[in-house]
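On a predicted model such as this, the values are computed, not experimentally measured, just so you know. Protein chains get the first letters and strands the later ones, always in sequence-line order, with residue 1 at the start of each.
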Amino acid sequence: MRPHMTDYSKLLNVEQCEAATAGDGPLLVLAAAGTGKTRTLVYRVAYLVEKGVVPDSLLLLTFTNRAAREMLERARQVAGEAVGNLWSGTFHHVCNRFLRRFGDRLGYPNDFTILDRDDSRTLIDLCIKDAVINKKEFPKKDVIGSLISSAANRACDIEDALEEVLDELKVDPLEIVKVANLYAERKLTMGAMDFDDLLVNGLRLLTEHEPVRDFYQNKFRHVLVDEYQDTNLLQAKMVDILAGVNRNVMAVGDDFQCIYSWRGADFRNIMEFPKRWEGCRIVKLEQNYRSVPEVLELANACIKGNPEQFQKTLRPTRTARNKPRVFYVRDGDEQATALLGLVRRYQEDGYKLSDMAVLYRAHYHSIELQMMLGRARLPYVITSGISVFEQAHVKDVVAFLRVCENRLDRMAFGRLLGMLAGVGEKTIDALWVKLGGSFDTRDPEQRERLCAALKPAARGQWQEIDRLFGEYHRENLAAAGGEVVQRFCDVFFHTYLARAYENGDKREEDIRELALQITKSGSMTAFLQEVALLTNVDHEYDKMSREHADMLHLSTVHQAKGLEWPVVFVIWASEGMFPSSRSVGESENDAEERRLFYVAVTRAKDELVLCAPEMRRTRDGGVFFCKPSRFIKELPRGLTRESYGFRNA
DNA sequence: GTTGGGAGAATTTTT
DNA sequence: TTCTCCCAAC
């Protein structure tokens, strides 16, 4: 008996309510941009919990940490603390959880390490050095890395992934296969997985091990997937299996917003979802609450260029206002000037800086703007390409912690020893072999041996670190949060930072942040097990600064997905920039760029400004001319207000 | 074997 | 402008 059931029909519109309160069975929610997708999902969770579904038997899959966190926070507000137990996170996170528990079935230790992009690149480089004879002619580690990755995400062999690019590369495919195999082998002996392995092995666990599959299939009464259009083959399969018994699967997405196909995402997954799930209900959310009609008209028009997608039309709920603006400007500098002028004007209209965002295709498109904003002393935040945890100095400290905890972690071992004077690749290799392929900081004998094997110059520094290993285990510093990080700085890292980097003290501040994060994680193992997956923790800082300070937001379109601002500027809407020149030519890519543009424009609530510079300078003083973006040219006349040069504005 | 200098190249998107 | 790679000197 429940005293008051929430009246969802008062909180949601008809379609949203239908989705949120649907009965059991497969359900596909096609939610166009700004139609309250998150809201619907959150209330779906609340509804299920209210109906008595145990939160622990709910699985909510997302693509970014930010989405997972936001969803959980909002669900908590609506349905109370009880939802805290619900399984929510990115596919990678959830696989991580599966594998921590059952990874031994696949021959992995439960404390396997996760290699982030940088780790895996380094390891691939080592493999190339060891397996390839003429390295000069061989593709670079990044190329090999993305080849291996795309094979994994498309669930095919390296050979198949190779076929498309082989004539360009002009290498013996067997050589590449050799490197790939060596890479896989090394990872296994190290007990390590890269990002793709998390997905691949997570899925293997479910397909190859019946008891594990049964366990999770029965555990999860409901599986909910956000941004379903961005699933790749592995992820779609995983969802199919996990929901295979209870058949309570809810996929929410918008094929117009599939922007990760370079990572293996295939919007056909969402198109074919109803075919794969017999009796699937489909709910379309088309009422847009975010944007003014003029923006929606532009959005609807621009996506028309893409065939073979679900037909959806954004229907406005807001009243008419201003048409989006297009500025044709000379170059990046004039664009920056124009933008600054417009920002000031919008401020006079009553918008705060934090109400505005500048979006662009690629990070480097924002350089001129950043310089200009700096000169004008206009405060801005930028969601940068690399996260706190990917920065070299942070990885250095984490390497120390990883060595403390995991005797098999060869990558961390190498990184830590590499900080010592006079120790490089070969020395590290030799030491690792000498130690027998593992280094246990609990073992005094092994520690002694390592000390003795070091050159005198390095030994002095190492002894300080070595002493800390002793303290670490004796005083159980693993349970003391960030304390050990502080000590590491004191005895070694402070000096190292000053020597190795120009801005040592700034970096040391980051380290203090890191210490806080460890404390917050609860335990050292918990922290280390997910550190590679923690990417958007700057989000917290981000949120804080957005609430307390008034700053203009700069972001790539990809990172802006799911967000909204009253005023949005899209810069470099010129051919070769947006769409990116790298993707011009193939229609698949063209379609993806168009979807990306659609995502960009649908972030705007009130005002949308598109900027198209007509020339681009290269560093060496050269000039490229570029036409306005096809995405602007394709628009029917009359949807925008056009200005040539900023002065005419 | 390591390190640092210098030349050269090259610039997407992310878990 | 910055990162990366190669080579020559310690």
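- Partners of T495(A) by side chain to side chain donor-acceptor pair (under 3.5 Å), not counting sequence neighbours: none found.
- Under the 30°/60° scheme for interplanar angles, the aromatic rings of Y598(A) and F256(A) are found to stand perpendicular.
- Computed from coordinates, the I367(A) CD1 to dT2(C) C1' distance equals 9 Å when rounded to whole Å.
- Side-chain atoms of Q370(A) and S366(A) form a donor-acceptor pair, as typed in the model, at a separation below 3.5 Å.
- Side-chain nitrogen and oxygen atoms of Q559(A) include at least one within less than 4.0 Å of the OP1 or OP2 phosphate oxygen of dT14(B).
- Separating the NZ atom of K129(A) from the P atom of dG1(B) is a distance of 13 Å, rounded to the nearest angstrom.
- The distance from atom CD of E227(A) to atom P of dT15(B) is 12 Å, rounded to the nearest whole Å.
- Between F631(A) and F578(A), the ring planes are perpendicular. Angles over 60° get that label, and only those under 30° would be called parallel.
- Listed candidates were dT15(B), dC5(C), dT13(B). Nearest to the side chain of K140(A) is dC5(C).
- The base of dT15(B) does not come close enough to the side chain of R117(A) for any donor and acceptor atom to sit less than 3.5 Å apart.
- Atom CG of L417(A) and atom P of dG1(B) are 16 Å apart (whole Å).
- Toward the 5' end of DNA chain B, the nearer of the two residues T90(A) and E593(A), judged by each one's closest nucleotide, is E593(A).
- Taking atom CD1 of residue I259(A) and atom P of nucleotide dT12(B), one finds them 17 Å apart after rounding to whole Å.
- Taking only side-chain nitrogens and oxygens, T556(A) comes nearer than 4.0 Å to OP1 or OP2 of dT14(B).
- Look at NE2 on H363(A): it is 11 Å from P on dT12(B), rounded to the nearest Å.
- By the 30° and 60° cut-offs, the orientation of the rings of W262(A) relative to Y260(A) is tilted.
- The distance from atom OH of Y364(A) to atom P of dT12(B) is 6 Å, rounded to the nearest whole Å.
- In the set dT14(B), dT13(B), dC5(C), dT14(B) carries the atom at the smallest distance from any side-chain atom of Y260(A).
- Listed by chain and residue number, nothing satisfies the salt bridge (charged side-chain N to carboxylate O under 4.0 Å, His left out) test with R330(A) (two or more places apart in sequence, or in another chain).
- Between the C1' atom of dA10(B) and the CE atom of M577(A) lies a distance of 14 Å, rounded to the nearest Å.
- Stacking here means ring centres nearer than 5.5 Å and ring planes tilted less than 30 degrees, and by that measure W262(A) stacks onto dT13(B).
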Every protein N/O within reach of nucleotides 2-9 of chain B N/O, cut-off under 3.5 Å:
unit_1 : atom_1 : unit_2  : atom_2 : d
dT2(B) : OP1    : G424(A) : N      : 2.8
dT2(B) : OP1    : G424(A) : O      : 3.2
dT2(B) : OP1    : T427(A) : N      : 3.0
dT2(B) : OP1    : T427(A) : OG1    : 2.1
dT2(B) : OP2    : K426(A) : N      : 3.4
dT2(B) : O5'    : G424(A) : N      : 3.4
dT3(B) : OP1    : G422(A) : N      : 2.7

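- Looking at heavy-atom distances under 4.0 Å, F63(A) makes contact with sugar-phosphate atoms alone, never a base.
- Rounded to whole Å, the C1' atom of dT12(B) lies 22 Å from the corresponding atom of dC5(C).
- The side-chain tip of R410(A) does not point at the ring of F439(A) from less than 6.0 angstrom away and within 45° of straight on.
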